[in-house]
Amino acid sequence: MAASFSSQRRLLTTLCSQLNGALWLNSGVRSIHSTAVCNKNRAARIRVGKGDRPMTYEEALPPHQIAHRKGWLSHHTSNLNGEHGTADRTVEDAFIRRFIYGTFHRCLANELVIKRRGNMLIISALMFQKMPPRKYYFFIGYTEELLSHFYKCPVKMEIQTVEEKVVYKYL
Amino acid sequence: MIWRSVDLRRTALRTLLQLQLNMAASTFCPVLLPLSRINCKLNGIYTLISLNKTAAYSTGLSVKKTGAKTGLPQRGGKELRRQIKQVLQPRTERMAVDQDWTAVYPTAASFKADAVPLPVRMGYPVKKGVPPSKKGNLELLKIPNFLHLTPNAIKKQCEALKPFCTEWPAALDSDEKCEKHFPIQVQKKDYVFAGPSLRHPDARIVTLTVKLSSLNLDDHARKKMIKLSGERYNKDTDTLTITADSCPLKQQNHDYAMYMLTVLYHESWKIEAWEKEKTRADMEEYVWEDSPSQKNILETLLRIRPLSEQQEEGEVREELLGREEVQEYKDSVTKLKNEGETEGNMQQYKEAVKKLLSI
């Protein structure tokens, strides 16, 4: 990045000097200038807007705040030094997130929290009170049964409900 | 359709009574509005739906059915309303100070804001604000909590485990006794990790440690054993460590380690024919006899005292070797070579030389 910035600056200075020299000599000349592209990082960041968008804590803080102001959404031992199965657990996590997002359509109030205790897979979720509890129980049972058959390990869901989105900030 | 407030209340009560209220409190901890606020939302069907939903989110207390379906008796109404109000509150409102906490968190579970009566706050505060409260706080959900491991809970678990434990044998009350009776120590590791499999590849490794002083070895056997073990022997602690990881199973590696130890022991007692060819360079420690130091000192002493004709050289050597100063010199040189140069050793050497040369 530093190299591209310095090259950009050099290019600018040469451009300016050229322009200064050439401005009143041949003002009709247009040429293509190309520099290295340096895009801003946009990953998981909500850009500041009018101030009318309610944001949860999780959405409002960008990913470089993980381990500073945010915790991790997924806890398992495979990310430790010398442990096996890192990629398997990560892929499982990704699948579980999509699965729950689809099963509990528009009910999720926040991101899923996935924990692994030994063999067991524990999914903690915050949900809105969109459906009657009987439906929730059905979906919980369905999820646990299906996922435990997929992953050959006990799967437990721990759901808590909130009435509305827990707002941290307005962006 | 506009619902009058009385009708709303009646519908709420009826729906509650009809619901099954035997839900597990530990899996469902909602945040609820009090009944009075619902009556303000006069929005037709929306009101009815929200009422049913919020009315349905109860926390597990069973409400007794009072009277007929058509109407509720006025005298029971107040009692019923109080009961329902209790049911819709979070569990923390109804917790006694001296309650049994192990019943609230019997096992490891995530943080439930409505089951933990502490005013916990977590998160980075907004400018001129405070950290977010516990209601709907994902940060509190993310972290592992130890609410299920209060001292009471651990006491209860220990009490439950005690029938399965046996006493430590009273005769083994010191480390030395343990080492004397159990000189061989075998270390095996078991792994607990996230994942559906039970097998961990490093669980097959077995380490066997034994002190050579506890084995029955004479001088030659000990030296041979140390030479045979090579890197596996630690001179400072006098321990031999055998690590076996070549077999796929722990039991196999254990057997292999024991076999290795047996083989080492028996081999070190044997004396092979080629061991006679051990040279001075193979010696583990410095031996003064037949060393250049001995030759030099004898020559020096012989030169100091010129040989008289009657005495033979061999006898003189024997006599010289037997002298006390020569013995002292021998001790100091052996110490220097074996242990290295220290203040004490150098002093000793100096004294010995001074005495020898009678300075």
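Any value given below was found using the heavy atoms of this structure, including those in side chains, with hydrogens, waters and symmetry copies removed. Just so we're on the same page: letters track the sequence lines, and every chain starts at 1.
Contacts from residues 94-114 of chain A to chain B, taken as heavy-atom pairs separated by less than 4.5 Å, involve A:Asn110, A:Glu111, A:Val113 in sequence order. Contacts between residues 47-59 of chain A and chain B, defined by a heavy-atom separation under 4.5 Å, are made by A:Tyr57, A:Glu58. Within residues 65-74 of chain A, the residues having any heavy atom under 4.5 Å from a heavy atom of chain B are, by residue number, A:Arg69, A:Lys70, A:Gly71, A:Trp72, A:Leu73.
Evaluation of the ring-ring contact (aromatic ring centres under 6.0 Å, His included) rule for B:His200 yields A:His84, B:Tyr191, B:Phe193 as partners, not counting sequence neighbours.
Side-chain contact between A:Tyr168 and B:Pro132 is present, with at least one heavy-atom pair separated by less than 4.5 Å.
In this structure, chain A has heavy atoms under 4.5 Å from both the backbone and the side chain of B:Leu141.
Around the OH atom of A:Tyr151, the shell of radius 6.0 Å holds more than 12 heavy atoms that belong to other residues, nucleotides or ligands. Taking a 6.0 Å sphere around NZ of B:Lys189, one finds it holds 12 or fewer heavy atoms contributed by other residues, nucleotides or ligands. No more than 12 heavy atoms of other residues, nucleotides or ligands shown are found within 6.0 angstrom of NZ on A:Lys156.
Chain B forms the most heavy-atom pairs under 4.5 Å with one residue out of A:Met127, A:Lys169, A:Arg89, A:Lys152, and that residue is A:Arg89. Ranked by heavy-atom pairs under 4.5 Å with chain A, the list B:Gly123, B:Pro144, B:Ser133 is led by B:Gly123.
Between the side chain of A:Arg117 and the backbone N or O of B:Ala194, no donor-acceptor pair lies under 3.5 Å.
Considering every non-hydrogen atom in both B:Ala113 and A:Gln160, the closest pair reads N-OE1, 3.9 Å.
Atom-to-atom distance recorded for A:Leu126:CG and B:Ser110:OG is 9.5 Å, nearest 0.5 angstrom.
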